[in-house]
> 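The following block contains the structure, expressed as C-alpha cells.
All residue numbers refer to positions in the sequence shown, counting from 1.
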Amino acid sequence: MPEAELIDTDVLVIGGGPAGTTAATLLARKGWRVTLLEKAAHPRFHIGESLLPMNLPILERLGVLDQVRAIGTFKPGAEFPITGEGSDDGRDADGTDRYNTFHFARALAPKFGYAFQVKREEFDQLLFRHAATNGVDTRERTCVERIEFGADGRPSRVHARDATGELVVSARYVIDASGRDALFGNQLKLKRRNPRHQSAAIFSHFSGVQRRAGEDAGNITVQRFAHGWMWLIPLRDGAMSVGAVCFPEYLKQRRGDTAARSSEALLMQSLQSEPSVWKRMEHAQRIAPVHVTGNYSYTCSTMHGPGWLMVGDAYAFVDPVFSSGVYLGMNSAEQAVAVVDGALREPAREAALQRAMSTHLRRGLRHFQWFIYRFTTPVMRHLFNHPSNFYQVEQAVISMLAGDVFDHPAVLRRLRAFRGIYALTALRMAPAALHGWWRRRRQVGVVFSGDTLQPGNP
C-alpha cells in the first residue's frame with residue numbers, strides 16, 4: 001500500500017470555486033504558501049451564472065475583470081414580468097407582455113452600473129487557473145475526506161484522496177470553500193436547514209430561446225409562478241440557462257418512472273404554465289442535462305473556529321432569486337483573507353477578527369434573506385409591479401439587487417424604509433398577505449433531497 005503524500009502549507013483552501021479561488025489567490029499574493037484542493041476537474045458544469053455589479057470590483061482587484069468581460073454576456077439589469085393583479089393580466093392591450101426592469105445604473109452611487117452573465121464552467125476555470133499563476137498549489141480531482149483536530153481544537157491534519165492515493169495536509173489555517181458539500185458544517189454537525197425558507201430547483205441549458213430586445217437582451221428575467229419562480233439567464237454563444245425554483249411539495253410530481261413525470265417533463269410543464277416564458281421557449285432546444293437539486297436553503301450555526309473558517313456556500317446557501325450566491329462567496333472570501341492574514345501574523349487577534357467577519361457577513365446576508373423570504377408573496381408582487389422611488393427607496397432596492405448591502409449607509413436606511421412600506425401594504429392587503437404567509441409556512445415543512453421528498457428535517 002503506497003504511503004500518503006504529506007503536504008505542509010500555511011493555508012489550505014478546500015474547494016476551487018469562486019470563493020475558494022478568490023481566497024487562495026489573495027492570500028498567495030500576501031506571501032503565504034497556499035494549497036487549493038478541488039474535488040472535480042475544470043471545466044465542470046455549475047449553476048449560478050448571473051453575477052452582480054458588486055462582483056466587478058472584486059474581479060478588478062483579482063486582475064481578471066477584462067478576462068471575465070471577454071467570456072461574459074453584458075447584463076444591465078434584472079427584469080420582473082408584471083404579473084396580473086385583479087383584472088390586470090400583466091399585458092398591454094395588444095397582448096404585449098409588460099416588464100419592470102431594474103437597471104443597475106440607477107442604483108445609489110454605483111461603481112459599476114452593470115454586471116455579466118457567465119457560463120460557470122468557463123468562469124470557474126478562469127479563476128482556478130489564475131490562482132495557479134499567482135503561486136497557489138492548485139490540485140484538481142482531489143477529494144477531502146475528513147478533518148482531524150488536535151487537542152487545542154485546531155485542524156491538525158486534513159485527509160484527502162486523488163487518483164494516486166491519500167494526501168495528508170498539515171496547514172496553519174484551513175478555509176472551507178467546499179460549497180454545498182459544507183465539509184466542516186457536516187462533519188461538526190453545524191449545518192441547519194433554514195426553517196423559514198425551503199425550496200428545490202430544476203434547470204437546464206437551452207439554445208434558441210428568444211431574448212429580450214435591444215439593451216435588455218442580456219438581462220436576467222425572474223418570473224413568479226404558482227409554485228415558486230423561474231429564471232432565464234442569457235449566456236454567450238446563444239445559450240440560455242432556464243430553470244425553476246419550486247416549493248418542495250411541487251417536486252413530488254416527479255415520483256414514478258413514466259415520461260410524463262420525468263424531470264424534463266416537469267421542467268417544461270412548469271415553463272408552459274407562464275405564457276410570457278413559454279412564448280420565448282417556442283423554438284428552444286435543450287443542450288444540457290436536466291438537473292435537480294434540493295434542500296436548497298441552509299445555514300451553519302457558526303462560521304468559524306480555532307484555525308478555520310467557512311466562506312460562501314460552505315456556510316450558508318440562500319434561494320438564488322437575486323443572483324447573490326457568487327457575490328456572497330467572493331465577498332466572504334475577501335473578508336476571510338483579512339482574518340487569516342491577520343491571525344497568522346498576530347495570533348492573539350484571531351478571535352476578534354473572526355467575530356468581526358461573522359457579524360459583518362451575517363448582517364449583509366440578512367438583507368438578502370428578508371427579501372427572499374417574501375418574494376413570492378402577494379405583497380411583494382404588488383410592490384415590484386408598482387415600484388415607487390419615494391425617498392429613493394426604489395433605487396435602494398436596485399442597490400440591493402446589485403449586491404450593495406454591506407457598507408452603504410444610505411442604502412441600508414432606505415431598505416429599512418422599504419420594510420415599513422411592506423408592512424403598511426400588508427395591512428392594506430391583509431387577506432391576500434395572510435394567505436401567502438400561510439402557504440409558505442406549510443411549504444417549508446416539506447424537505448426535498450435529490451430524488452426523494454420527506455417531511456421534517458434533513
> Please confirm whether the backbone N or O of G305 pairs with a side-chain atom of Q354, one donor and one acceptor, at under 3.5 Å?
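Yes; at least one donor-acceptor contact below 3.5 Å.
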> Distance check, rounded to the nearest 0.5 Å: R381 atom CZ versus F80 atom CZ?
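Separation between the atoms: 14.5 Å.
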> Can you name the residues that form a salt bridge (Lys or Arg N to Asp or Glu O under 4.0 Å) with R69, not counting sequence neighbours?
D66
> If only side-chain N and O atoms count, and only distance matters, is there a donor-acceptor pair under 3.5 Å linking H42 with E140?
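No, because no side-chain N or O of E140 sits under 3.5 Å from a partner of the opposite role on H42.
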> With a 3.5 Å distance limit and no angle check, can you tell me whether R120 reaches the backbone of I47 through a side-chain donor-acceptor pair?
yes
> Taking atom CG of D8 and atom OG of S170, what is their separation to the nearest 0.5 Å?
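That separation rounds to 6.0 Å.
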> Between R154 and A151, is there a donor-acceptor pair closer than 3.5 Å when you use the side chain of the first and the backbone of the second?
no
> When you measure from the side chain of E38 to the backbone of T138, do you find a donor-acceptor pair of N or O atoms at a distance under 3.5 Å?
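A pair under 3.5 Å: no.
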> With side-chain contact (heavy atoms from CB on, under 4.5 Å) as the test, pick out the partner of I372 among F368, W370, F375.
F368
> Can you measure from CZ (F149) to CG (L188) and round to the nearest 0.5 angstrom?
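Answer for the CZ-CG pair, F149 versus L188, is 4.5 Å.
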> Are F116 and F123 close enough that their ring centers fall under 6.0 Å?
no
> Looking at L183, V174, L12, which hits side-chain contact (heavy atoms from CB on, under 4.5 Å) with V144?
L183
> To the closest 0.5 Å, what do you measure between CZ (R44) and CG (D124)?
4.5 Å
> Between the main-chain N or O of A348 and the side-chain N or O of E346, is there a donor-acceptor pair closer than 3.5 Å?
no
> Is any side-chain heavy atom of F203 closer than 4.5 Å to one of T293?
yes
> When you compare the side chains of D341 and W32, does any donor N or O come within less than 3.5 Å of an acceptor on the partner?
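There is such a pair (donor and acceptor under 3.5 Å, judged by atom type) between the side chains of D341 and W32.
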> With sequence neighbours excluded, what pairs up with E121 under the side chain to side chain donor-acceptor pair (under 3.5 Å) test?
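Per chain and number, E121 pairs via side chain to side chain donor-acceptor pair (under 3.5 Å) with no residue.
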> Please enumerate all residues that pass salt bridge (Lys or Arg N to Asp or Glu O under 4.0 Å) together with D10, with sequence neighbours excluded.
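Here the qualifying residues are R33, R172.
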> For a 4.5 angstrom cut-off between non-hydrogen side-chain atoms, does F406 reach L361?
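Yes - at least one pair of side-chain heavy atoms lies under 4.5 Å apart.
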> Say you draw a straight line from CG of L424 to CE of M429; how long is it, rounded to the nearest 0.5 Å?
13.0 Å
> Could you check whether the rings of F384 and F322 sit parallel, tilted or perpendicular, using 30° and 60° as the cut-offs?
parallel
> I'd like to check V393 versus S388 (side-chain heavy atoms, cut-off strictly below 4.5 Å). Are they in contact?
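When only atoms from C-beta onward are counted, S388 and V393 do not touch, as no gap falls below 4.5 Å.
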> Do R414 and S399 have side-chain N/O donor and acceptor atoms under 3.5 Å apart?
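On atom types as modelled, these side chains do not qualify, holding no pair under 3.5 Å.
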> Does N389 use its side chain to pair, donor to acceptor, with the backbone of Q395 at less than 3.5 Å?
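Yes, N389 side chain to Q395 backbone: donor-acceptor pair under 3.5 Å.
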> Are the ring centres of H227 and F247 closer than 6.0 Å?
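Here the rings of F247 and H227 have centres that are no less than 6.0 Å from each other.
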> Enter the distance from I58:CD1 to E334:CD here, rounded to the nearest 0.5 Å.
4.5 Å
> Could you tell me whether the side chain of S273 and the main chain of S270 form a donor-acceptor pair under 3.5 Å?
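Side chain of S273 to backbone of S270: a pair is present.
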> Would you mind reporting whether Y114 and L56 have side-chain heavy atoms less than 4.5 Å apart?
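Side-chain contact under 4.5 Å: yes.
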> Taking the side chain as everything from C-beta on, heavy atoms only, tell me whether S204 gets closer than 4.5 Å to M268.
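No, every pair of side-chain atoms sits at 4.5 Å or beyond.
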> Checking the side chain of T21 only, and the main-chain atoms of P18 only, is there a donor and an acceptor separated by less than 3.5 Å?
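Judged by distance alone, yes, a pair lies under 3.5 Å.
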> So N55 and L52, do their side chains get closer than 4.5 Å, heavy atoms only?
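They are in contact (side-chain heavy atoms under 4.5 Å apart), so the answer is yes.
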> How about F371 and M380: do any of their side-chain heavy atoms sit closer than 4.5 Å?
yes
> With a 4.5 Å limit on heavy-atom distance, are the side chains of K39 and D181 in contact?
yes
